[in-house]
**Student:** 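Quick one: this structure, given as structure tokens, is what I'll be asking you about.
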Amino acid sequence: MKSNFRANLVKLLTFIGGMYFVVEFLVPLESYIDNFQDVHSKISDGYVLIGTMAFAIGIINLLLVYGSKLVFKRKGWFDSLVLLFGLALMLSVSVLDWRESLHSSKNLYELNMLSNFVETIISDSKSKKKGVPEVKERVRALERAYLKNVDVYERKISLVRNVILERKEDVSKVSSSLKDYRILNDKIKNAFLVNADLPIIQELISEQRQIAQHLFNLVYETSFIKKLYRLLYDGLFVSLGAAMFSLLGIYIAIAAYRAFRIQSFEAALMLGAALLVMLGQISFGLWISEDLPAIRNWLLQNPNSSAFRAIKIGASIAGLVMAFRMWLSIESDFTSGEDF
Amino acid sequence: MLSTWLLLGTVLGGIATIAIYSFLYKENIFYRFFEHLYIGIAAGFFPVLAFKNFLWPKILKPMFGYDVYNFPDGTVSHEPSSLYFLYIIPALFGLLYYTLYIKRFSWMLKLVIGFSLGAAAGLTFKGFFPEILPQITKSFRPLVVFENSEINWITSFENIFFIFTLLSVMYYFFFTIKREGRVANSFAYAGRWLMMICFGAFFGSTVMARMALLVERIKFLAHDWVDAIQTLIG
Amino acid sequence: MKEVTERRLIYLFVILIVAFPILLDYSIPPARMKAGQSLYDKIDTLKVNDGEFAFVALDFGPGTQAENLPQSDSIVEHLFRKRIPVVLFSQYFLAEGFLKSLPESVAKRLNRETGENWEYGKDWVNIGYRPGSGILIQNLAKADKFIEVFKEDANGSSLSEFKLFKNSKGLESVKILTEFTGLVGVFDSYIQFFQKKNYVPIFGHGCTSITIPEAYIYLDSGQIDGLLEGLAGAAWYSHLLDKNYRKNNMEDIQITNTALGVSHLAIIFLIILGNIIMFVRRRRNNA
């Protein structure tokens with residue numbers, strides 16, 4: 001009884017999991033539900049959230065497998081130590097890097113808010129939104145808030161130059177941005193003074209925000225943690241990944257020498273096509289014939305495309321049938337085992 | 001002039017590449033060190049990215065109203081929606097993945113796996129039509145092509161050849177009905193031969209894919225790495 | 001023992017022969033790639049209005065960067081030269097580093113050549129890696145506003161603050177999608193979902209060579225409008241940029257492509273050698 005309930009529950013959830021996308025595809029829900037795009041977006045995020053919650057599974061498994069090797073000093077314990085060191089290093093550097101980037105965007109909070117505020121004033125006045133203060137009053141509030149923040153930002157921005165100098169980085173980029181930033185300060189103050197149109201003020205604040213962002217970003221990019229992150233990613237990780245996969249290049253050479261034997265008509269056909277494609281895609285092929293790239297193209301567009309399409313159509317139909325069987329829990333009974 | 005960090009990265013990258021290539025001679029501790037380091041670093045990327053690029057901006061920030069600006073006139077950019085708290089349900093459901101480590105509750109893992117499989121099946125259904133229908137419709141080609149009221153023999157031949165290949169390869173994989181007779185067998189055999197041409201093209205492309213990886217690494221070693229070492233040595 | 005030596009000799013032979021053109025900085029012009037040419041023409045004649053942009057998906061990691069990186073580099077350069085705003089994104093978490101470094105290096109290179117500036121936020125925005133694959137893409141295609149799906153860029157800045165997204169809408173704002181990957185499933189998600197009933201953006205694809213045969217069926221059906229075929233495709237595209245835009249030719253990729261050609265010749269030689277040895281051995285056994 002118990003196992004039957006569990007198995008049925010799994011089947012039910014499998015069905016519910018797929019139902020939304022099937023219904024959403026078949027029924028024009030946007031005709032029945034107001035603002036369906038937004039609802040759809042939120043539901044999609046819910047699905048992604050379920051999958052994302054599994055983010056730590058890989059780490060837990062690695063800790064269990066390699067951690068136990070290390071703790072009990074089993075064979076390969078040193079390799080496990082290296083792996084766990086790499087994992088801990090990358091995790092901590094990523095967390096610190098994120099913290100640094102959050103700090104950088106936090107610095108921009110007030111300018112973001114002001115930029116957002118002026119945009120909201122414009123859109124509210126266009127849509128004649130009720131329950132909000134008069135436009136004039138809001139612009140005055142905007143001006144007060146801007147002037148209040150001028151000094152705060154002046155301090156923050158001046159610090160950027162010092163930090164960049166301390167880090168012995170190229171300070172020329174900072175100097176020109178600082179100059180632009182200060183020019184915009186005066187322009188915005190002046191715009192408030194002469195009661196300039198709101199879109200002009202919006203444009204100026206947005207431009208200033210962008211310059212400030214560029215400056216804070218420079219601090220972030222030149223930080224120790226960001227450099228360490230890039231060293232790990234660009235220096236070690238990319239090289240290691242590329243080298244691992246490039247071994248395949250050497251293995252295909254040995255396979256070509258040992259396994260590509262013309263022992264049948266089919267093998268000869270395959271070799272002929274392979275040679276034409278290989279010679280058609282390299283520069284040296286042009287030394288043999290100028291037409292080789294065109295021949296390669298014809299081969300890929302005709303026999304290859306049609307044969308591959310036949311395989312693709314067949315495989316996709318099979319995939320669709322499999323998907324249905326999975327959705328309806330009739331594919332294979334994964335609700336079996338000692339728990340069910 | 002490269003920065004010190006960039007130089008250091010290039011030198012490290014070169015050492016790592018040589019360590020991996022040392023496997024070609026035979027398995028050794030140098031190789032194993034970098035192999036395990038690679039796995040460790042690769043596994044360390046995802047969790048923070050999942051938080052930084054999805055959970056924080058899309059779920060947690062709006063849930064707790066951190067994306068709301070308090071404007072100086074006392075208004076707010078938008079009212080925080082309590083509906084975001086509904087995301088707690090899929091989040092808790094997603095946590096069922098971790099029942100994998102608790103024997104008593106491990107059956108619950110299948111609830112969330114089943115749900116995800118169902119979602120994947122639903123998406124397959126939704127994606128099948130936009131992907132495969134154009135493949136089918138574009139295969140209906142005219143067998144005789146007229147151009148300026150004359151037959152275009154080349155295009156006509158190409159179309160006939162295309163459709164012949166498509167049908168014969170499909171027929172080769174058609175096992176529902178028993179294949180009988182010389183014509184049927186020859187048709188299926190033609191499909192097999194044409195597939196061999198397709199696989200030949202595949203092999204040729206695979207060679208380029210694999211060799212491109214090797215060429216890139218050798219270029220890195222011969223140029224970037226050697227330059228970086230020369231700069232370091234001065 | 002003999003087999004091991006033979007194997008090691010072949011390894012050495014391949015590495016040395018590939019290194020030869022690289023050490024000599026030797027290059028010859030690339031072979032013409034028709035599918036790459038059509039993508040070039042599409043981008044070259046592309047015009048965008050305010051709020052419209054190119055969506056560049058870098059769905060590759062270090063494993064296939066040898067092919068996908070030069071492809072995306074050339075396309076981003078072309079888009080930058082045409083002053084088409086670029087939005088970079090990935091469904092593959094290992095691409096995170098490339099999303100940042102690629103546009104920066106292209107912008108720097110172009111600045112050196114032309115003296116003009118390409119700015120973050122105005123000329124390009126990096127959305128970063130996002131989980132969700134197919135679910136995310138179908139959501140993206142349906143959304144009224146593109147920025148609502150992502151909310152923030154990779155550094156945590158709100159997308160609505162960027163100039164590039166002012167006046168942008170949903171999928172209609174994407175004039176062209178260029179997607180670079182060796183992962184067939186990721187490519188499929190764009191083919192399946194990155195479209196609306198009445199709007200499909202131009203679709204350019206940069207594939208790794210191993211997926212060229214499969215990519216051709218989509219080219220034939222018109223589901224993609226242009227294709228960069230592996231490194232050879234990237235070399236041809238770069239050659240077109242050399243011819244039409246660059247003040248100085250970019251020799252680097254042509255040297256790589258030449259070395260790739262040499263490696264092909266090595267493989268052909270090894271196939272022939274293997275078969276000759278087989279025939280000789282067979283004849284000797286028969287005798």
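Only this structure's heavy atoms are used, side chains among them; waters, hydrogens and symmetry mates stay out. Note on naming: letters A, B, ... go to the chains in the order of the sequence lines (proteins, then strands), and numbering restarts at 1 for each one.
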**Student:** What part of Gln65(C) lies closer than 4.5 angstrom to a heavy atom of chain A: side chain, backbone, both or neither?
**Tutor:**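 Side chain only.
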**Student:** Which one, Glu203(A), Glu100(A), Glu24(A), leads in non-hydrogen pairs under 4.5 Å with chain C?
**Tutor:**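 Most heavy-atom pairs within the cutoff with chain C belong to Glu24(A).
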**Student:** Is the number of heavy atoms from other residues, nucleotides or ligands within 6.0 Å of NZ (Lys196(C)) greater than 12?
**Tutor:**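 Count over threshold, so yes.
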**Student:** State whether a side-chain donor-acceptor pair under 3.5 Å links Tyr233(A) with Lys100(C).
**Tutor:**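 Tyr233(A) vs Lys100(C): no donor-acceptor pair found between side chains.
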**Student:** Find out whether Gln37(A) and Lys145(C) are in side-chain contact, i.e. whether some heavy atom of one side chain is under 4.5 Å from a heavy atom of the other.
**Tutor:**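 Side-chain contact under 4.5 Å: no.
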**Student:** Using non-hydrogen atoms only, which part of Ser105(A) is less than 4.5 Å away from chain C: side chain, backbone, both, or neither?
**Tutor:**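 For Ser105(A), the side chain is the part near chain C, not the backbone.
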**Student:** Kindly compute the distance separating CD1 (Ile212(C)) from CZ (Phe308(A)), expressed to the nearest 0.5 Å.
**Tutor:**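 Ile212(C) atom CD1 to Phe308(A) atom CZ measures 12.0 Å (nearest 0.5 Å).
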**Student:** So for Asp97(A), is it side chain, backbone, both, or neither that comes closer than 4.5 Å to the heavy atoms of chain C?
**Tutor:**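 Contact with chain C involves no heavy atom of Asp97(A) at all.
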**Student:** Considering all heavy atoms of both residues, which atom of Gln210(A) and which atom of Glu161(C) are nearest to each other, and what is their separation?
**Tutor:**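 Residues Gln210(A) and Glu161(C), closest heavy atoms: OE1-O, 4.5 Å.
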**Student:** Any side-chain heavy-atom pair from Leu136(C) and Asp45(A) closer than 4.5 angstrom?
**Tutor:**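 Result no, sub-4.5 Å side-chain heavy-atom pair not found.
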**Student:** Once you round to the nearest 0.5 Å, how far does CG of Asn139(C) lie from CD1 of Ile43(A)?
**Tutor:**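 Between atom CG of Asn139(C) and atom CD1 of Ile43(A) there are 10.0 Å.
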**Student:** Please classify the contact between Pro131(C) and chain A as side chain, backbone, both or neither, with a heavy-atom cut-off of under 4.5 Å.
**Tutor:**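 Looking at Pro131(C), backbone and side chain both touch chain A.
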**Student:** Could you state the interatomic distance from CD1 (Ile250(A)) to CZ (Arg7(C)), rounded to the nearest 0.5 Å?
**Tutor:**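 Going from the CD1 atom of Ile250(A) to the CZ atom of Arg7(C) covers 11.5 Å.
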**Student:** Drop me the distance from Glu104(C)'s CD to Glu221(A)'s CD, to the nearest 0.5 angstrom.
**Tutor:**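 Going from the CD atom of Glu104(C) to the CD atom of Glu221(A) covers 5.5 Å.
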**Student:** Report, in residue-number order, which members of residues 9-22 of chain C are under 4.5 Å from chain A by heavy-atom distance.
**Tutor:**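 The residues closer than 4.5 Å to chain A, in numerical order, are Ile10(C), Tyr11(C), Val14(C), Ile15(C).
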**Student:** Where the side chain of Asn304(A) meets the backbone of Pro213(C), is there a donor-acceptor pair that is under 3.5 Å apart?
**Tutor:**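 Present.
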**Student:** How about Phe245(A): does its CZ atom have over 12 heavy atoms from other parts shown lying under 6.0 Å from it?
**Tutor:**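 No, CZ of Phe245(A) has 12 or fewer neighbouring heavy atoms, counting only those of other groups under 6.0 Å.
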**Student:** Just so I understand: if I count every heavy-atom pair under 4.5 Å between each of Ala242(A), Ser41(A), Ala307(A), Gly241(A) and chain C, which residue has the most?
**Tutor:**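 Highest number of heavy-atom pairs under 4.5 Å: Ser41(A).
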**Student:** Under a 4.5 Å heavy-atom cut-off, does chain A meet the side chain of Lys163(C), its backbone, both or neither?
**Tutor:**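 For Lys163(C), heavy atoms of backbone and side chain both lie under 4.5 Å from chain A.
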**Student:** Count the heavy atoms of every other residue, nucleotide or ligand shown that sit under 6.0 Å from NZ of Lys108(C), and state whether that count exceeds 12.
**Tutor:**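 No.
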**Student:** Between Ser27(C) and chain A, which part of the residue has a heavy atom less than 4.5 Å away: side chain, backbone, both or neither?
**Tutor:**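 Neither part; nothing is under 4.5 Å.
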**Student:** Answer yes or no: is there a side-chain heavy-atom contact under 4.5 Å between Tyr216(C) and Asn297(A)?
**Tutor:**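 Answer yes - side chains close enough.
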**Student:** Using a heavy-atom distance cut-off of less than 4.5 Å, which residues of residues 281-290 of chain A contact chain C?
**Tutor:**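 Only Gln281(A), Ile282(A), Ser283(A), Phe284(A), Leu286(A), Trp287(A) of residues 281-290 of chain A have a heavy atom under 4.5 Å from chain C.
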**Student:** Name the member of Gln301(A), Arg258(A), Glu119(A) that forms the most heavy-atom pairs with chain C at distances under 4.5 Å.
**Tutor:**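 That would be Arg258(A).
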**Student:** Less than 4.5 Å to any heavy atom of chain C: does that hold for the side chain of Met244(A), its backbone, both, or neither?
**Tutor:**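 Neither part, no heavy atoms under 4.5 Å.
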**Student:** Which residues pass the side-chain contact (heavy atoms from CB on, under 4.5 Å) test with Val95(A), not counting sequence neighbours?
**Tutor:**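 Only Val48(B) meet the side-chain contact (heavy atoms from CB on, under 4.5 Å) criterion with Val95(A).
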**Student:** Work out which heavy atom in Met33(C) is nearest to a heavy atom in Gly280(A); give both atom names and the distance.
**Tutor:**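 Minimum heavy-atom separation between Met33(C) and Gly280(A): CE-O, 4.4 Å.
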**Student:** To check you understand the geometry: which heavy-atom pair defines the closest contact between Pro293(A) and Arg32(C), and what is its length?
**Tutor:**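 Distance-wise, the nearest heavy atoms are CB-O, 3.6 Å.
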**Student:** Hey, is NZ on Lys312(A) packed in by over 12 heavy atoms from elsewhere, all under 6.0 Å?
**Tutor:**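 Counting neighbours around NZ of Lys312(A), more than 12 heavy atoms of other residues, nucleotides or ligands fall under 6.0 Å, so yes.
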**Student:** Measure distances from Thr258(C) to the heavy atoms of chain A and classify the residue's part below 4.5 Å as side chain, backbone, both or neither.
**Tutor:**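 For Thr258(C), the contact with chain A is made by backbone and side chain together.
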**Student:** At a heavy-atom separation under 4.5 Å, does Arg130(C) approach chain A through its side chain, its backbone, both, or neither?
**Tutor:**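 Arg130(C) has no heavy atom closer than 4.5 Å to chain A.
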**Student:** Do NZ/NE/NH1/NH2 and the carboxylate oxygens of Glu148(C) and Lys42(A) come within less than 4.0 Å?
**Tutor:**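 Not counted as a salt bridge, because no side-chain N and carboxylate O are separated by less than 4.0 Å.
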**Student:** Which residues in residues 269-278 of chain C have any heavy atom lying under 4.5 Å from a heavy atom of chain A?
**Tutor:**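 Against chain A, the residues of residues 269-278 of chain C that fall inside the cut-off (heavy atoms, under 4.5 Å) are Leu270(C), Ile271(C), Leu273(C), Gly274(C), Asn275(C), Ile277(C), Met278(C).
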**Student:** Flag the pair Glu229(C) and Arg296(A) as a salt bridge only when some basic side-chain nitrogen lies within less than 4.0 angstrom of an acidic carboxylate oxygen.
**Tutor:**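 Yes, charged N to carboxylate O under 4.0 Å.
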**Student:** Which atoms of Tyr220(A) are under 4.5 Å from chain C, going by heavy atoms: the side chain, the backbone, both sets, or neither?
**Tutor:**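 Tyr220(A) touches chain C through side-chain heavy atoms alone.
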**Student:** Chain C heavy atoms under 4.5 Å from Ile252(A): which part of the residue, side chain, backbone, both or neither?
**Tutor:**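 It is both, since atoms from each part get that close.
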**Student:** As an exercise, state the distance from CG of Asn155(C) to CG of Asn217(A), rounded to the nearest 0.5 Å.
**Tutor:**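 With rounding to 0.5 Å, CG (Asn155(C)) is 5.0 Å from CG (Asn217(A)).
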**Student:** Show your reasoning for whether side-chain contact (heavy atoms from CB on, under 4.5 Å) applies to His264(C) and Leu279(A).
**Tutor:** CA-CA 8 Å; His264(C) 276 59; Leu279(A) 290 170; over 6 Å; no
**Student:** Compute both the distance and the angle, then confirm whether Arg209(A) meets the cation-pi test with Phe162(C): under 6.0 Å from the six-membered ring centre, within 45 degrees of the axis.
**Tutor:**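 Yes, a cation-pi geometry.
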**Student:** Under the criterion side-chain contact (heavy atoms from CB on, under 4.5 Å), I'd like the reasoning laid out for Arg309(A) against Ser221(C): C-alpha separation, chi angles, the key distance, then a yes or no.
**Tutor:** CA-CA 10 Å; Arg309(A) 182 172 287 171; Ser221(C) 63; 3.6 Å; yes
**Student:** Take a 6.0 Å sphere around NZ of Lys34(C) and say whether it holds more than 12 heavy atoms from other residues, nucleotides or ligands.
**Tutor:**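 Not buried by this count: 12 neighbours or fewer within 6.0 Å.
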**Student:** Looking at every heavy atom in both Ser305(A) and Asp220(C), which two are closest together, and how far apart are they?
**Tutor:**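 Ser305(A) and Asp220(C) have their closest heavy atoms at OG-CB, 4.5 Å.
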**Student:** What is the minimum heavy-atom distance between Ile262(A) and Phe279(C), and which atoms define it?
**Tutor:**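 Shortest heavy-atom contact: O-CZ, 4.2 Å.
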**Student:** Locate the shortest heavy-atom distance separating Ala256(A) from Ile267(C); write the atom from each residue and the value.
**Tutor:**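 What the structure gives for the nearest pair is CB-CG2, 3.9 Å.
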**Student:** Apply side-chain contact (heavy atoms from CB on, under 4.5 Å) to residues Tyr120(C) and His214(A) and explain how you reach the verdict.
**Tutor:** CA-CA 8 Å; Tyr120(C) 185 78; His214(A) 169 69; over 6 Å; no
**Student:** Checking heavy atoms, do the side chain of Gln138(C), its backbone, both or neither come under 4.5 Å from chain A?
**Tutor:**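 Backbone plus side chain of Gln138(C), per the 4.5 Å heavy-atom cut-off to chain A.
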**Student:** Taking Ser209(C), Ala143(C), Gly63(C) one by one, which has the highest count of heavy-atom pairs under 4.5 Å against chain A?
**Tutor:**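 Counting heavy-atom pairs under 4.5 Å, the top option is Gly63(C).
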**Student:** Considering only heavy atoms, which portion of Ser263(C) lies under 4.5 Å from any heavy atom of chain A: side chain, backbone, both, or neither?
**Tutor:**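 Neither; nothing under 4.5 Å.
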**Student:** What is the distance from atom OG of Ser160(C) to atom CG of Asn112(A), rounded to the nearest 0.5 Å?
**Tutor:**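 Between Ser160(C) OG and Asn112(A) CG, I get 8.0 Å after rounding to 0.5 Å.
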**Student:** Within a 6.0 Å radius of atom CG on Asn117(C), are there more than 12 heavy atoms belonging to other residues, nucleotides or ligands?
**Tutor:**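 Yes, CG of Asn117(C) has more than 12 neighbouring heavy atoms, counting only those of other groups under 6.0 Å.
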